[in-house]
2 protein chains.
Amino acid sequence: MSEEQHFNTLLQFFKVLGNESRLKILGLLANDERTVGELAALLELREPTVSHHLAAMKELGLIDVRVEGNNRVYWLKTQFLENLSRDIFSQTNLATLAANEAGDAWEDKVLRYYVVDGRLKDIPSKHKKRLVVLQWLCAQFEPGRRYHELELNERLRAYHPDCASLRRYMVEDRLMARDNANMYWRLV
Amino acid sequence: MSEEQHFNTLLQFFKVLGNESRLKILGLLANDERTVGELAALLELREPTVSHHLAAMKELGLIDVRVEGNNRVYWLKTQFLENLSRDIFSQTNLATLAANEAGDAWEDKVLRYYVVDGRLKDIPSKHKKRLVVLQWLCAQFEPGRRYHELELNERLRAYHPDCASLRRYMVEDRLMARDNANMYWRLV
DNA sequence: TCTCTATTTAGAAGATTATCTAAATAGAAG
DNA sequence: CTTCTATTTAGATAATCTTCTAAATAGAGA
C-alpha cells in the first residue's frame with residue numbers, strides 16, 4: 001500500500017469512527033449482529049439515518065451485511081479492526097503519514113517570501129529563517145573561488161543594501177570563511 | 001475509567017484524528033517536534049488554524065508543548081498512542097462501548113409505538129415485535145388465575161378488536177396455555 | 001522602554017455532516 | 001397479483017467544523 005493510500009485509509013477510518021452514532025453502532029455490532037431496524041430502535045434514530053451510517057462503515061470494510069428475508073443483518077468484521085490496530089499505531093508507520101509534507105516545503109516557503117525578483121526583501125531576524133536565506137545567497141557564489149571583501153560587498157549589495165550584515169552573518173554561520181588578507185570563500 | 005468515559009475518550013480520539021490537517025500534524029510530530037510556524041509552513045495553513053488544531057490535540061493528551069523564547073515547540077506523546085492502541089481495540093473493550101444502548105431500549109420503543117392510551121394500535125406482523133407486545137399484554141393478566149375463553153376474549157377486546165388473533169398468538173408463543181375446557185392461564 | 005516576533009483568541013464565512021421526511025425498491029406473505 | 005415490510009435513496013434543513021482575518025498577548029531583543 002502506498003503512503004498516500006495508507007494515509008487515506010487511516011483518515012477515513014478515523015472519520016467514520018469519529019461520530020457518536022457510528023461508534024455506538026460499532027459497540028452494538030461488537031456484541032451481536034443487528035438489523036437496521038434494531039439499531040435504529042436501540043440508538044433512537046430513524047432507519048434512513050442508521051442506513052446512511054452503516055453504508056459509511058461498510059464502504060470502509062469495517063462491517064458486512066447479509067440478507068435475511070426483508071431484513072439486512074449487519075455484522076462486524078473483527079479481523080479488520082485487529083489488523084488496523086496492530087498495523088497502524090507503530091511509530092514507523094505514523095512517521096510516514098506526513099512524508100509528503102516534510103522536506104523542503106518550509107525552506108521553499110521562506111525563500112519565496114524573502115527573495116523577490118532575485119533580491120532580498122529583508123534580512124530575516126530569526127536565525128532559522130536567516131540561515132535558509134543565507135544558504136541560498138551563498139549558493140550564488142562560485143564554490144572554490146576566493147573573493148576579496150570589496151568584490152564580495154559589491155556582489156552582496158545586488159541582493160540587499162546592508163551587505164556588511166550579510167557578510168558577517170555568513171561567516172558567523174560558517175557558510176563562508178575569510179583569511180588575513182580579507183579574502184572570502186564558500187565553505188558549503 | 002467508567003464505560004461512559006471510555007466511550008467519550010475514544011470518540012474524542014477518533015474525532016481529533018479524523019481530520020486531514022490534524023492527521024498530518026500527527027505524522028509530522030511523529031518525525032520531529034515542531035513549532036507552530038513550522039507546521040503552518042509545512043501544511044500551508046495559517047498559524048491560527050494550526051494553533052486551533054494543536055489545542056484540540058493537546059486537550060486530548062496526544063501532544064504536549066514546551067516554550068522556547070517566542071516559540072512554542074509541540075511534540076508527540078508517543079506513550080499515549082501506544083496505550084490507546086493496545087487497550088482500545090480488544091473485543092471486550094469494544095463490546096462495552098454500547099452498553100448504555102443495549103438492554104430494554106428496543107423493547108421499550110416497540111411498546112411505546114404499539115401501545116397508545118393503554119390500547120394496541122396494531123398487532124405487529126413481525127414476530128419479534130409481536131412477541132414484545134404479547135409479553136406486555138400477558139403481564140396484564142393475573143398469574144396463576146384461570147380465565148375462560150369467553151372472559152379472555154372480553155378482556156383482550158379491551159386492547160384490540162381482533163381478540164381471537166391475540167389469543168392464538170399468545171398460545172403459539174407459549175405465553176399462555178389452555179386445557180380441554182377452554183380455560184386459559186399464564187405460562188410466564 | 002519600545003519594538004518586533006510567535007502565538008493565541010475572537011469572530012465570521014464557507015464547507016461538511018447528521019439527521020429528518022418523503023418517496024422508491026425489493027422481497028415476503030397472503 | 002396485490003399488499004405489506006424493511007430498507008435504501010433523494011433531497012432539505014440545521015448543526016458542527018474548518019479556515020480565514022484582525023486583534024490581543026507575552027516574551028525577546030535592542
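Keep in mind the model is a prediction, meaning the values are calculated, not measured. Order of the sequence lines sets the chain letters (A, B, ...), proteins ahead of strands, with each chain counted from 1.
- What separates CE of B/M57 from C1' of C/dT8 is a distance of 17 Å, to the nearest Å.
- Checking A/V50 against B/T49, the closest nucleotide of DNA chain D that is more toward the 5' end is the one next to A/V50.
- Residues passing the side chain to side chain contact (heavy atoms under 4.5 Å, CB included) test with B/P124 are B/Y114, B/K129, B/R130, B/V133, sequence neighbours excluded.
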Q. Using a cut-off of 4.0 Å between protein heavy atoms and nucleotide atoms, how would you tag nucleotides 22-30 of chain C 5' to 3' with B, S and -?
A. B----BS--
Below 3.5 Å, can you tabulate the donor-acceptor pairs from side chains in residues 176-183 of chain B to any protein atom, sequence neighbours excluded?
residue	atom	partner	partner atom	Å
B/R178	NH1	B/Y184	OH	2.9
B/D179	OD1	B/A181	N	2.9
B/D179	OD1	B/N182	N	3.4
B/D179	OD1	B/M183	N	3.0
B/D179	OD2	B/R146	NH2	2.4

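- Partners of A/N70 according to the side chain to side chain donor-acceptor pair (under 3.5 Å) rule, which considers only residues two or more places apart in sequence or in another chain, do not exist here.
- A straight line from CG of A/L54 to C1' of C/dT19 spans 14 Å, rounded to a whole angstrom.
- The list of ring-ring contact (aromatic ring centres under 6.0 Å, His included) pairs with a residue in residues 148-174 of chain B, not counting sequence neighbours, reads B/W136-B/Y159.
- The residue among B/R46 and B/P124 whose nearest nucleotide of DNA chain D is located toward the 5' end is B/P124.
- For A/H53, counting side-chain heavy atoms from C-beta on, the closest listed nucleotide (D/dT7, C/dT19, D/dT18) is C/dT19.
- A/H52 comes within contact range of at least one nucleobase, with a heavy-atom separation under 4.0 Å.
- A/D64 is linked by a side chain to side chain donor-acceptor pair (under 3.5 Å) to nothing, counting only residues two or more places apart in sequence or in another chain.
- If you take CD1 of A/I25 and P of D/dT7, they are 13 Å apart, rounded to a whole angstrom.
- The stretch residues 58-66 of chain A does not touch DNA chain C, since none of its heavy atoms comes less than 4.0 Å from the strand.
- For B/E33, the side chain to side chain donor-acceptor pair (under 3.5 Å) test picks out B/R66, with sequence neighbours left out.
- Counting to the nearest Å, the C1' atom of C/dT19 and the CD atom of A/E20 are 13 Å from each other.
- To the nearest 0.5 angstrom, B/F7 atom CZ is 10.5 Å from B/Q12 atom CD.
- When distances are taken from the side chain of B/E47 to each of C/dT8, D/dC17, D/dA6, the shortest belongs to C/dT8.
- Per the geometry, CD belonging to A/E38 stands 17 Å off P belonging to D/dT5, to the nearest Å.
- Nearest nucleotide to the B/L45 side chain, out of C/dA6, C/dT8, D/dC20: D/dC20.
- Going from atom NZ of B/K15 over to atom C1' of D/dT18 covers 14 Å, rounded to whole Å.
- Residues satisfying the salt bridge (Lys or Arg N to Asp or Glu O under 4.0 Å) criterion with B/E20, sequence neighbours excluded, are B/K24.
- For the pair B/D122 CG and D/dC4 P, the computed distance is 11 Å after rounding to whole Å.
- Taking the six-membered ring for Trp and thresholds of 30 and 60 degrees, A/F80 and A/F13 have ring planes inclined between 30 and 60 degrees apart.
- Side-chain nitrogen and oxygen atoms of B/Y74 include none within less than 4.0 Å of the OP1 or OP2 phosphate oxygen of C/dA6.
- For B/S21, a side-chain nitrogen or oxygen approaches OP1 or OP2 of D/dT19 to under 4.0 Å.
- Rounding to the nearest 0.5 Å gives a distance of 10.0 Å between CG of A/L76 and CG of A/N31.
- The CZ-P distance, from B/F14 to D/dC17, rounds to 17 Å in whole Å.
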